[in-house]
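Structure first, then comments.
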Amino acid sequence: VQLQASGGGLVQAGDSLMLSCAFSGRSSSGYGMGWFRQAPGRERLFVAAINFSGAVTKYADSVKGRFTISRDNAKNILYLRMNSLQPEDTAVYYCAAKYSLDNDLASGYAYWGQGTLVTVSS
């Protein structure tokens with residue numbers, strides 16, 4: 001399994017951005033997938049996740065109502081739509097995947113992408 005995140009960039013506070021994560025090596029069906037972020041000098045934190053079918057999602061409190069996670073299993077792509085971005089959202093964003101048919105979405109990921117940098121200026 002390989003994951004390739006893209007879509008990061010420099011935006012202003014209040015702007016929106018869409019991150020994508022391409023899943024390759026096998027079908028993404030059966031894999032829970034998530035987004036994590038790591039700000040400079042800080043630990044990597046959970047942002048959002050979606051179960052294998054796309055029916056169940058989970059968000060960190062800090063992004064609820066602003067970020068939306070989705071997936072296209074036919075295209076093997078994971079998305080993160082980020083609205084109302086704030087400077088505190090600045091971080092490297094990582095996508096992750098784990099083979100799982102349950103809804104335990106916040107941890108236990110085995111596969112990680114390389115990260116894409118999101119910088120939000122005030």
Side-chain angles (χ1 to χ4, degrees):
V1 172
Q2 291 184 328
L3 302 172
Q4 179 75 41
S6 61
L10 173 63
V11 297
Q12 293 185 332
D15 285 352
S16 298
L17 207 57
M18 173 80 89
L19 303 183
S20 299
C21 176
F23 182 109
S24 63
R26 62 189 65 182
S27 171
S28 62
S29 299
Y31 284 80
M33 298 185 75
W35 289 97
F36 293 73
R37 68 186 182 186
Q38 187 168 20
R42 304 191 70 177
E43 63 180 336
R44 188 157 55 187
L45 298 174
F46 170 77
V47 175
I50 189 167
N51 79 331
F52 69 99
S53 68
V56 179
T57 57
K58 182 179 177 69
Y59 296 92
D61 288 343
S62 58
V63 306
K64 277 182 184 175
R66 300 189 298 124
F67 290 11
T68 303
I69 189 170
S70 61
R71 65 189 296 165
D72 185 333
N73 282 346
K75 296 181 179 179
N76 285 348
I77 299 179
L78 174 72
Y79 301 100
L80 184 67
R81 176 69 177 180
M82 305 185 293
N83 294 330
S84 302
L85 283 161
Q86 299 301 315
E88 53 265 34
D89 295 316
T90 294
V92 176
Y93 284 72
Y94 298 89
C95 57
K98 61 174 180 175
Y99 186 78
S100 174
L101 300 181
D102 62 30
N103 295 325
D104 178 15
L105 299 175
S107 61
Y109 287 86
Y111 306 99
W112 294 85
Q114 86 293 353
T116 185
L117 176 62
V118 173
T119 304
V120 185
S121 63
S122 57

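We number each residue from 1, following the sequence as shown.
- Just one residue in the list Lys98, Arg71, Arg26 forms a side-chain hydrogen bond (donor to acceptor under 3.5 Å, both in side chains) with Tyr31, and that residue is Arg26.
- With Thr90 contributing its side chain and Val120 its backbone, the two residues share a donor-acceptor pair below 3.5 Å.
- Across all non-hydrogen atoms, the minimal contact from Asn83 to Ser16 is OD1-OG, 2.9 Å.
- When side chains are defined from C-beta on, Trp35 counts as touching Cys21, because their heavy atoms get closer than 4.5 Å.
- Leu85 and Val63 fall within a single hydrophobic cluster, where Ile, Leu, Val, Met, Phe, Trp and Tyr side chains are chained together by heavy-atom contacts under 4.5 Å.
- Hydrophobic clustering (side-chain heavy atoms under 4.5 Å, transitive across Ile, Leu, Val, Met, Phe, Trp, Tyr) groups Leu117 together with Trp112.
- Within the 4.5 Å cutoff, the side chain of Asn51 has heavy atoms near those of the Leu105 side chain.
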Set out, in order, the CA-CA distance, both residues' side-chain angles and the distance that settles side-chain contact (heavy atoms from CB on, under 4.5 Å) for Val1 and Tyr99, then state yes or no. CA-CA 10 Å; Val1 172; Tyr99 186 78; over 6 Å; no
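- A distance of 12.5 Å separates CZ in Phe23 from CD1 in Ile77, rounded to the nearest 0.5 Å.
- Hydrophobic clustering of Ile, Leu, Val, Met, Phe, Trp and Tyr side chains at less than 4.5 Å, counting indirect connections, unites Phe67 with Leu17.
- For the pair Ser70 and Ile50, the tightest heavy-atom approach, listed with the atom from each and the gap, is CA-CD1, 3.8 Å.
- No side-chain donor-acceptor contact under 3.5 Å links Tyr109 to the backbone of Gly32.
- Residues Pro87 and Ser122 share a closest heavy-atom pair of CG-CB, 3.8 Å.
- The minimum heavy-atom distance between Ala13 and Gln86, with the atom names listed, is CB-OE1, 4.3 Å.
- Using a 4.5 Å cut-off on side-chain heavy atoms (C-beta onward), Ser62 and Arg37 make contact.
- Leu3 approaches Gln114 most closely through the heavy-atom pair O-OE1, 3.8 Å.
- Within a 6.0 Å sphere centred on CD of Gln2, heavy atoms belonging to other residues, nucleotides or ligands number 12 at most.
- For Asn73 (side chain) and Gly30 (main-chain N/O), no donor-acceptor pair under 3.5 Å exists by modelled atom type.
- The closest donor-acceptor contact from the side chain of Lys58 to the backbone of Asp104 lies at 3.5 Å or more, if one exists at all.
- Shown here is Gln12, whose CD atom has no more than 12 heavy atoms of other residues, nucleotides or ligands within 6.0 Å.
- Under the 4.5 angstrom side-chain criterion for Ile, Leu, Val, Met, Phe, Trp and Tyr, Leu45 has no cluster partners at all.
- Note: Phe46 and Phe36 meet the aromatic proximity criterion, with ring centroids under 6.0 Å apart.
- Scanning all heavy atoms of the two residues, the minimum distance from Gly8 to Leu19 falls at N-CD2, 3.6 Å.
- With hydrogens and angles disregarded, no donor-acceptor distance shorter than 3.5 Å links the side chain of Arg81 to the backbone of Thr68.
- For the atom pair OG (Ser100) and CE (Met33), the distance works out to 12.5 Å, reported to the nearest 0.5 Å.
- Without hydrogens or angle criteria, Ser121 side chain to Val11 main chain gives a donor-acceptor distance under 3.5 Å.
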Between Asp89 and Met82, is the side-chain contact (heavy atoms from CB on, under 4.5 Å) condition met? List the steps. CA-CA 9 Å; Asp89 295 316; Met82 305 185 293; over 6 Å; no
